Amino acid sequence: MVLLKIKFTQQRRVHLAQGLWLLSWMAVLWGGVIFFLGVYLKTELLRRAEVMDNTEIHVVPNILMMVGLASICTNWVASRVCQDSMDSTRFPRWKVPLLAWFAVSAVLCCLLIAVVVLSYALQGSLEQSLKVGLRNGIRFYKDTDVPGRCFQKETIDRLQMEFLCCGNDNFKDWFEVQWVSNRYLDFTSKDVKDRIRSNVDGRYLLDGVPFSCCNPTSPRPCLRYHLTDNNAHFSYDYQSEELNLYSRGCRQALTDYYMELMNATGPGVVSVIFIQLSVLLSLRYLQTAVETAMVLEDPEGDSEGYLLEKGVKETIEDLKTNALTILKFGQVDPDAAEGSSEAADIEKDEKDAPPTPAS
Amino acid sequence: MVVGKLTFTKPEREKLAKVLWLLNWISVLTGAILFSLGLFLKVEIERWQEVMSEGILYVPHMLITTGLAACCINFLGGKICLDCTDTNKFLRWKLVMMPYIICTLFFTSCILAGALMCYSVRSQLEDSLALGLRNAMRYYKDTDTPGRCYLKKTLDLLQIQFQCCGNSRYQDWFQVQWISNRYLDMTSSSVVDRLRSNVEGKYLTEGVPFSCCSTLSPRPCIQQQVGDRSPHFNYDQRSQQLNLWRRGCRQALMDHYTGIMQSIGLTVLLIWLFELLVLTGVRYLQTAMENVLRLGDPDSEVDGWILENSLAETARSNFDIIKNMGKCYQVDNDPNINIPTAAEQEVPSRQLRIPVTS
């Protein structure tokens with residue numbers, strides 16, 4: 001039972017070859033687009049690598065780049081097959097490579113679907129990575145004299161100003177960390193000594209934030225220190241003050257940014273899946289139609305194209321037995337010896353059987 | 001004396017026409033480039049329009065209009081040049097050619113004017129920025145006044161993006177009251193003292209807004225009492241240098257816009273040279289085709305030139321034409337005036353004496 005049979009005249013075969021040639025070049029273009037999307041996503045992730053703890057999320061752009069390149073190559077091969085399909089001398093050499101091509105193409109489609117799934121599944125991992133990275137950044141903000149951490153202040157300041165965010169979850173994260181280095185604290189001052197004594201670990205904590213948390217849209221000049229003290233500033237209420245600092249946390253801001261980026265690449269990836277599938281199906285039809293035509297007495301006549309020669313189940317079983325045969329190729333087969341002796345017995349029985357009444 | 005004479009055989013004329021057709025289409029493309037450059041410059045200027053006291057928008061507007069004109073004129077030129085390969089089709093365009101060439105000459109000089117404007121607008125931009133920034137700093141605190149409420153946000157974003165502070169330097173903020181009276185506790189003695197010590201009753205401090213803070217500083221930003229070293233611990237010369245942005249915003253914006261306009265000016269100059277080349281080619285083609293028509297033989301070899309007479313003679317003859325255009329309705333040169341006619345030469349009519357017979 002042939003799967004999805006379609007009749008092809010010579011004219012239709014030619015049209016199919018031409019259409020498929022165009023489609024495969026379009027697929028090459030889209031493969032290039034996917035590759036560049038992957039490169040862009042990777043550069044964006046690398047730019048903020050300093051506030052990320054692990055690189056698990058990098059698997060998404062890596063797969064995109066790989067699939068993009070592979071798609072360019074496979075679809076270029078498809079276009080060459082189309083060109084050769086109208087020439088009966090050149091087409092037979094593609095018989096075996098085409099099987100490999102179908103396998104590679106199917107793998108590419110699966111990888112693309114995996115990318116779409118992964119970009120949603122890895123959101124939690126991205127958030128966790130950012131949480132740890134930002135926590136470290138805020139903790140080492142003051143260590144501008146320690147090699148290996150001296151860039152954290154500039155990184156966090158630039159990040160907060162660019163993404164309009166403050167702290168990890170919100171600006172109160174800065175209250176729990178000593179972000180003013182001891183180098184700039186006057187230890188003879190009473191105020192400093194009191195603060196340090198009141199803290200269990202001997203850290204200088206204050207209810208203040210760095211300047212990069214300030215919101216430019218606020219109507220009043222930025223209030224950065226003594227934020228919880230309503231009396232420290234004129235006409236100030238800590239609970240109702242909204243515009244003074246950025247209210248969003250940087251973890252949320254960065255996660256939203258990257259999710260938006262990956263969602264934007266979503267439609268591109270989905271359309272590449274569709275294009276690749278249509279190239280796959282069309283090439284299969286072209287292959288079977290041209291092969292059937294070559295076998296006929298009249299190569300210019302009508303032929304039938306199909307997806308699978310036998311039904312799905314039978315094709316799978318065929319593939320299984322083929323694979324097993326290839327695997328058992330080198331083994332001495334005891335079953336074969338038994339089978340041949342059985343066959344000999346059957347022959348003997350036939351010989352011994354009484355002759356047919358005809359004789 | 002002919003200026004720039006060249007001889008053209010028939011195949012050379014046809015080749016010239018084809019090449020000019022292609023060049024005209026490339027010119028349509030460069031016209032589109034000119035248009036988009038003007039648009040880009042317009043968007044860039046409008047982004048920081050609020051800190052400029054007067055607009056320099058006439059520069060991008062000039063570029064936009066010449067870009068559009070280039071597209072239209074060169075599109076027409078392409079059509080004309082395509083028809084010039086055939087003498088019969090050229091007859092259609094014969095009368096249009098001269099006005100077309102004059103128009104192209106005019107708009108090519110407009111392109112040159114646009115390019116030169118990009119370079120010459122620098123001093124006007126500097127004055128405009130100096131005044132605009134001074135006003136913006138003065139109205140920084142007026143976030144409750146309609147028309148000025150966004151100046152604080154604009155100035156803060158400007159200082160953050162361009163990494164600058166104040167007009168020429170950060171000390172400009174010391175001369176301006178940038179904290180609104182709404183947020184000053186008028187009952188506090190320190191505030192009242194400060195207000196009284198100032199002639200105009202302004203609250204001036206040695207402080208700067210947060211947007212002046214430099215991200216490159218190793219220590220948390222010091223915004224208050226910036227000039228004074230003693231209130232801050234371990235505040236040495238180097239800390240002071242790195243604490244705030246040192247550059248003035250006027251200089252930062254000047255550098256930004258000068259860079260953009262220099263590159264745009266260079267591109268426009270190159271486009272102008274290309275247009276000049278196309279114009280010269282079209283002029284040669286026009287004169288060659290006209291000579292073909294004059295000689296009557298389409299296959300003959302003809303001369304083409306830029307100017308039939310020398311530059312001085314052409315200028316003089318054109319000047320005469322313009323002079324005489326104005327004398328259209330004056331009767332000085334009418335040959336029939338002031339020559340006595342036969343009727344006038346008659347002696348005034350005698351009175352006929354009719355003899356009375358009775």
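This one's a predicted model, so the numbers in the text were calculated from it and none came from an experiment. Sequence lines set the chain letters: A, B, ... in the order given, protein chains first and strands last, and positions in each chain run from 1.
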Would you find more than 12 non-hydrogen atoms of other residues, nucleotides or ligands less than 6.0 Å from [X] atom [atom1]?
X: B:Trp178; atom1: CH2; value: yes
X: B:Arg182; atom1: CZ; value: yes
X: A:Phe234; atom1: CZ; value: yes
X: B:Phe75; atom1: CZ; value: no

Proximity breakdown for [X] and chain B, heavy-atom pairs closer than 4.5 Å:
X: A:Phe151; value: neither
X: A:Pro219; value: both
X: A:Leu185; value: backbone

Part of [X] within contact of chain A (heavy atom distance under 4.5 Å):
X: B:Ser214; answer: backbone
X: B:Pro209; answer: neither
X: B:Thr215; answer: both
X: B:Leu184; answer: backbone
X: B:Ile179; answer: both

Distance-minimising heavy-atom pair for A:Tyr184 and B:Phe233: C-CD2, 3.6 Å
If you look at every heavy atom in B:Gln163 and A:Arg158, which pair is closest and at what distance? NE2-NH2, 3.6 Å
Rounded to the nearest 0.5 Å, what's the gap from CZ on B:Phe210 to CG on A:Leu245? Could you check? 9.5 Å
Check the pair A:Glu154, B:Leu216 against side chain to side chain contact (heavy atoms under 4.5 Å, CB included), reporting the backbone distance first and the verdict last. CA-CA 6 Å; A:Glu154 193 184 338; B:Leu216 304 170; 3.6 Å; yes
Taking salt bridge (charged side-chain N to carboxylate O under 4.0 Å, His left out) as the test, write out the residues that go with B:Asp255, two or more places apart. B:Arg247
Heavy-atom pairs under 4.5 Å with chain B, option from A:Asn215, A:Thr144, A:Asp186 with the top count: A:Asp186
Winner by heavy-atom pair count (cut-off under 4.5 Å) against chain B, out of A:Ser212, A:Ser235, A:Cys214, A:Ser218: A:Cys214
With no hydrogens and no angle check, is any side-chain donor or acceptor of A:Lys153 less than 3.5 Å from a backbone partner on B:Ser217? yes
Give a yes or no on whether the backbone of A:Arg183 and the side-chain of B:Asn234 come within a donor-acceptor separation of less than 3.5 Å. yes
Within-4.5 Å side-chain heavy-atom neighbours: B:Gln223 and A:Arg224: yes
Between B:His232, B:Arg219, B:Lys152, B:Lys153, the one whose heavy-atom pairs under 4.5 Å with chain A are most numerous: B:Arg219
